[in-house]
Structures are given as structure tokens and as C-alpha cells.
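To keep things clear, I will list the structure first and then write my remarks on it.
Start at 1 and go down the list; that is how both ligands and their atoms are numbered.
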Amino acid sequence: MGYENIIADKRGAVGIVTLNRPKALNALSAGLIADLGKALDDFEADAEIGCIVVTGSEKAFAAGADIKEMAGFSYMDAYKRDFITDGWERLAQCRKPVIAAVAGYALGGGCEIAMMCDFILAADTAKFGQPEITIGTMPGAGGTQRLTRFVGKSKAMEMCLTGRMMDAEEAERAGLVSRVVPAAELVDEAIKTAERIASMSKPVTMMTKESVNRAYETTLTEGVRFERRLFHSTFATADQKEGMAAFVEKRKPAFKDE
Ligand code: CO8
């Protein structure tokens, strides 16, 4: 799995994507986004993989879209290639669970792709922000929408209008990240968490992810109905039989992903 802009690695049941453009603080060039999309396609197709981790470097998860690449775009350049939907949304469309492990800068598109993952584990060095306003543009990969859902209107509005960064502690308080860990432990902790998720029944983790995500798309009544139908469908799986039998027999379940 050789890529120019990322490192894709498989550790047991966990797929790991490390964004790897260190000289540009992992700025999200078209090439990087294409590499990320291909790696996700491979991990999704690999039946062994039950969870994916996306991470960057100690200094930067990603410092945003590649400013040098897009600086000269005309409106027509952006419109014709549907700049943003060409590849970026691949992460949000993953069916397998994806964890963002963020150290250092997660700015602009970097913050946006972290928010496309299912949850964010942050190093104590993490800094989140939507600084597009400071370079004469605005978030374009869901920043105004997803950040608002994570942290509420007031904080999202302040961050998008001023470009102010949020540190890891504030991000945890605001609900943007699930947990903060020491920077030196970030990747190990993310992999450990991913291994735990991957040890569950894979189809049931996918259903659970689908159901949680539904909460962002629908009313409470419809969301609960959707959840109920998926919950009922777990009783058609061999893994539900195995999981409950193992509990009763006081042993570890051996899920078969069926
Ligand atoms: N794009 C291109 N190059 C970048 C970017 C970027 N976003 N960020 C950093 N770099 C490059 C720098 O140009 C520099 O390269 P060089 O050495 O060749 O000059 C190198 O990375 C190191 O950067 P700095 O010297 O600036 O490092 P500092 O430690 O001094 O500063 C910062 C770190 C604060 C992160 C600073 O680099 C910075 O402010 N970067 C830009 C942050 C930003 O504005 N991000 C938003 C970009 S716009 C965006 O993301 C829009 C998203 C919409 C969706 C996009 C769809 C494609």
C-alpha cells in the first residue's frame, strides 16, 4: 500500500491512516484527499478490519485545505469540479467506525475532516479552529454545520467569525472531542480503542454507528423508530445469539460477524 501523501497501515483488525505531508503541516491537497479515499476504500473492503484510525503528526493533524493549491481558483474552477464533494465526503460516508486521533493543529479542512470521523480523541497539544475567515474565505467542508452541532451556535459562530483556536481542554468541555490524552499516548490509545471496537460484532458496530448518526438527520420520534428497527434486526444475527449465550455461560463471546 504505497501512497505519496499518507501512510496506510494495517494492525490486526485496525486500519491506520497517517496523513503525511510534514513540510506542509499535512495540508489537504487533492492528492492527499485522493490517497485517503483509496485507503478508506481498501479498509472498507477488507473484511478483517473492524475500525479505522485517522491521525497526523505531533505538530499537525492537518492545517487545512492546501492554500497554495486553491489560492488561484476561479469560481468556475471551484464550481465545475464541485470543490469539496470531489473526495472529501468519502470519510463521512464510511460505514465502518472511524476514530480521529488529533495532535497539534486541526484547522479549517483539518478540523472538518476530524469532525467527519465518528469521534475525536485529542492529545493535550491539540488545537482546533476554523480560520478560513482570516484568509478571506469560509469553511467549505461542513465546518459551519458540523461544528455548530458539536459545540452549539455561540461557540461555533465565534470560532468561524474570528478564527480563534480552541485548545484540547476547551474542546473536551465543549463536546467536540470524546477524551483528551497525553500526546505521547495518543496513537496507542486510539489503536487500543479501535481494537476494542473491532473486537465487537462488526455488522452490529456498523448498525450502531448508523443509528447514532441518524440522530443528526431526523426528529427524535423518527430516530427512535429507526433505532428500534435496527435493534430488532440484531436478533437476526448469529452474533447476538453468541453474545447473549456467552454472557449467560460466563465466557467471552466469539463473534463471527454474521
Ligand atoms: N496550506 C498550504 N500550506 C500550508 C498550510 C495550508 N493550509 N498550512 C501550513 N502550510 C505550510 C506553510 O506554508 C509552510 O510552508 P513553507 O515552509 O513552504 O513556507 C509550512 O506549512 C509550515 O507552516 P508555518 O511556517 O506557517 O508553521 P507555523 O508553525 O509558523 O504555523 C499554522 C502553523 C498556525 C498552522 C500556520 O501554518 C497556518 O496558519 N496555516 C494555515 C491555517 C489555515 O488558514 N487553514 C485553513 C485553510 S482554508 C481551508 O481549510 C478551507 C477548507 C474548506 C474545504 C477545503 C476543500 C478542499
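Looking at Leu32, Leu25, Leu28 and measuring to atom 22 (C) of ligand 1, the nearest heavy atom belongs to Leu25. The heavy atom nearest to atom 44 (O) of ligand 1, out of those in Pro131, Gly163, Gly108, Gly136, is found in Pro131. The closest heavy-atom contact to atom 1 (N) of ligand 1, among the options Ile67, Ile133, Thr137, Ile113, comes from Ile67. Of the listed options Ala63, Ala71, Cys111, Ala78, Ala63 places a heavy atom closest to atom 42 (C) of ligand 1. Counting only non-hydrogen atoms, the option in Arg81, Glu112, Lys127, Met165 that gets closest to atom 52 (C) of ligand 1 is Glu112.
In this structure, atom 50 (O) of ligand 1 has protein heavy atoms in its sub-4.0 angstrom surroundings. Under the 4.0 Å distance rule, the nearest protein heavy atom to atom 26 (O) of ligand 1 falls outside the cut-off. Within 4.0 Å of atom 20 (C) of ligand 1, at least one protein heavy atom is present.
For atom 54 (C) of ligand 1, the nearest protein heavy atom (residue, atom name, distance) is Ile84 CD1, 3.0 Å. Atom 29 (O) of ligand 1 has as its closest protein heavy atom Lys59 NZ, 2.7 Å. From the protein, the heavy atom lying nearest to atom 48 (S) of ligand 1 is Met70 CE, 3.5 Å. From the protein, the heavy atom lying nearest to atom 16 (P) of ligand 1 is Lys68 NZ, 3.8 Å. Summary of contacts: the protein heavy atom closest to atom 10 (N) of ligand 1 is Ala24 O, 3.7 Å. Looking from atom 38 (C) of ligand 1 to the surrounding protein, the closest heavy atom is Leu107 CD1, 4.8 Å.
Of the polar atoms of Ala141, none of the N or O atoms is found under 3.5 Å from an N or O of ligand 1, judged by distance alone.
Taking every heavy atom of both residues into account, Thr134 and Gly163 meet most closely at CG2-CA, 4.4 Å. A pairwise comparison of heavy atoms in Asp35 and Glu4 identifies OD2-N, 3.4 Å as the closest pair.
Put simply, no part of Gln130 is less than 4.0 Å from ligand 1, judged by heavy atoms.
Between Arg229 and Glu222, none of the side-chain N atoms (NZ, or NE/NH1/NH2) sits under 4.0 Å from a carboxylate O, so this pair counts as no salt bridge. Between Glu258 and Lys241 there is no salt bridge, since no side-chain N of the basic residue sits under 4.0 Å from a carboxylate O of the acidic one. With respect to Glu169 and Arg173, a salt bridge is recorded, a charged nitrogen being found less than 4.0 Å from a carboxylate O.
For an aromatic pair to be called close, the ring centres must be under 6.0 Å apart, and Phe73 with Phe83 satisfies this. The six-membered or imidazole ring of Phe235 lies near that of Phe231, with a centre-to-centre distance under 6.0 Å.
In the vicinity of Gly140, heavy-atom distances shorter than 4.0 Å reach the ligand 1 atoms 53 (C). In the vicinity of Gly109, heavy-atom distances shorter than 4.0 Å reach the ligand 1 atoms 49 (C), 50 (O), 52 (C).
Between the side chains of Asp239 and Ser201, at least one donor-acceptor pair of N or O atoms lies under 3.5 Å.
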Mind listing the side-chain donor-acceptor pairs of residues 113-126 below 3.5 Å, one per line with the distance, residues two or more places apart or on another chain?
unit_1 : atom_1 : unit_2 : atom_2 : d
Asp118 : OD1    : Lys209 : NZ     : 3.2
Asp118 : OD2    : Val98  : N      : 2.7
Asp118 : OD2    : Lys209 : NZ     : 2.8
Asp124 : OD1    : Ala183 : N      : 3.2
Thr125 : OG1    : Gly104 : N      : 3.4

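Across Arg90, Arg95, Lys96, a single residue satisfies salt bridge (Lys or Arg N to Asp or Glu O under 4.0 Å) together with Asp41, and that is Arg90.
Under 4.0 Å from ligand 1, the heavy atoms of Ile135 that appear belong solely to its side chain. Residue Ala27 touches ligand 1 through its side chain alone, judged by heavy-atom distances below 4.0 Å. Here Lys23 has backbone heavy atoms under 4.0 Å from ligand 1, and that is the only part of it that gets that close.
You'll find the side chain of Leu40 stays beyond 4.5 Å of the side chain of Asp42, heavy atoms only. Taking the side chain as every heavy atom from C-beta outward, Ile52 and Val14 never approach each other to under 4.5 Å. At a threshold of 4.5 Å between non-hydrogen side-chain atoms, the residues Leu32 and Ile6 count as touching.
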